Structure formats: structure tokens, C-alpha cells
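Everything below concerns the one structure shown next.
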Amino acid sequence: MAASTASRELFTEGVRAVLHTWPVLQIAVDNGFGGVYGQQKADWMVDVVQQYFHDNADLQQYEVEDFIAQLMDQEFDTVVDDGSLPQVSISLLQVFSQWQQGALQQLQHTISSLTQKTSQRAKVTAPPTQSDDSDSNDETQAMDCESSSSSVSRADAPPQDEEDGWTVVRKRK
């Protein structure tokens, strides 16, 4: 019994490694898509996905994709349309297959290779803003001048009706 518990824990670690290295889930957690408990939802998702694999025999890739897409939509208000769902589903199916076959060494190697990717996590940063305020003030003033010049030189010209019933609208100068 202890061996099966230890191997089940190894499978759970495999699921955690796959999901926590998935950029969509990382972005959802980092940006608070799941609310203040986003990290707890991501951890909960690991448990739910591993339980889904244990409760269902002969899962197909599309079933895993649908399940994960549903979880992301319900828990993080995120529709995954970047094409990564098939990759994540294949990785999860591979981890489950290794665990089912008893290839625990291979599973451990897969987990360690995935966790190495965690350290290479992508960060999105805003580009630095220019500290030169004179450029932005000049742009603002130019916009103000353009809007004020069009309102000052207003000449109300009535629309002209053509013979065939169309109204010609002329550009104001």
C-alpha cells in the first residue's frame, strides 16, 4: 500500500509539473484572473486533474482538453485559444501512461525535466517610459491646437440637395 501511495504521489507531482509550467496557467495566476485565491485554485486544479485521471479509464486527448478548458473557464474566467491545450493534454496523458505502466524512473525524469523549465519562466514587463516630459507636452499642445483651430473656423454650410435626392455633405474647413 505504501508503494502505491508513493507512486500516486509521484503521479500528482507529474501533474503539478505539467500544469505549473503551462504559461497560460502561470499568466492567469500571476495576473489574478482567478481572484485573490488564484494560486490556491491552481493547486486545487492539480488535485482535480489527477483525480479525473484516476476516475476515468481510457481518456482520450480531446476529453482531457475539454476538461482542462472547462476548469480554466470556470475558475480563471479564461478561454484558452493559444493552441497550448493539446500540448498540455498530451503531456498529462504521457505522465499518466508512464505512471500506469510502472515506469517510475522515466516519470521521475519527465518531472525533473519539466521542473527545470519552471526556472526559465517567462516574465512580461512593460517597456520603460520616457522621462522626457517636453515631448509629451508638445504632442498634447499640438493636439489642443488642432482641435481648437477646427472649432474656431466653423462655417455652417447647409447640406446641398442634388437633383436625384441625395444629400451632399461637404468637408468643413
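One-based numbering along the sequence shown. The structure presented is a predicted model; accordingly, all values stated were derived computationally and were not measured.
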[X] side chain to [Y] main-chain N or O, any donor-acceptor pair under 3.5 Å?
X: Thr12; Y: Arg8; answer: yes
X: Gln26; Y: His20; answer: yes
X: Ser113; Y: Ile111; answer: no

For [X] and [Y], work out which heavy atoms get closest and say how close.
X: Val29; Y: Gly38; value: CG2-O, 3.7 Å
X: Leu92; Y: Val49; value: CD1-CG1, 4.0 Å
X: Ala42; Y: Phe76; value: N-CZ, 3.9 Å
X: Asp77; Y: Phe33; value: OD2-O, 4.4 Å
X: Ala17; Y: Thr21; value: O-OG1, 2.8 Å

>> Holding to salt bridge (Lys or Arg N to Asp or Glu O under 4.0 Å), I want the full list of residues that pass it with Glu13, two or more places apart in sequence or in another chain.
In response: Arg16

Taking the side chain as every heavy atom from C-beta outward, state whether [X] and [Y] have any atom pair closer than 4.5 Å.
X: Phe96; Y: Val15; value: no
X: Trp44; Y: Gln39; value: no
X: Trp22; Y: Leu114; value: no

> Any side-chain donor-acceptor pair under 3.5 Å between Gln101 and Ser97?
Replying inline: yes

Show me the donor-acceptor pairs, under 3.5 Å and distance only, between side chains in residues 64-73 and residues at least two apart or in other chains.
{"unit_1": "Glu65", "atom_1": "OE2", "unit_2": "Gln61", "atom_2": "NE2", "d": "2.8"}

>> Tell me whether His54 at atom NE2 has more than 12 heavy atoms from other residues, nucleotides or ligands lying less than 6.0 Å away.
In response: yes

> Under the side chain to side chain donor-acceptor pair (under 3.5 Å) test, which residues partner Gln98, sequence neighbours left out?
Replying inline: Thr110

>> As an exercise, state the distance from CD of Gln105 to CD of Gln108, rounded to the nearest 0.5 Å.
In response: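 Spacing of CD (Gln105) from CD (Gln108) equals 7.5 Å.
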
> Which value, rounded to the nearest 0.5 Å, describes the distance between Gln74 atom CD and Lys41 atom NZ?
Replying inline: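 Separation between the atoms: 10.5 Å.
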
> Does the pair Phe11 and Phe53 meet the rule for a side-chain contact (heavy atoms from CB on, under 4.5 Å), with working shown?
Replying inline: CA-CA 10 Å; Phe11 173 64; Phe53 274 93; 3.8 Å; yes

>> Let's go through Asn56 and Glu63 carefully: what are the C-alpha distance in whole Å and the side-chain angles of both, what is the deciding distance for side-chain contact (heavy atoms from CB on, under 4.5 Å) to 0.1 Å, and is it a yes or a no?
In response: CA-CA 10 Å; Asn56 299 291; Glu63 294 171 319; over 6 Å; no

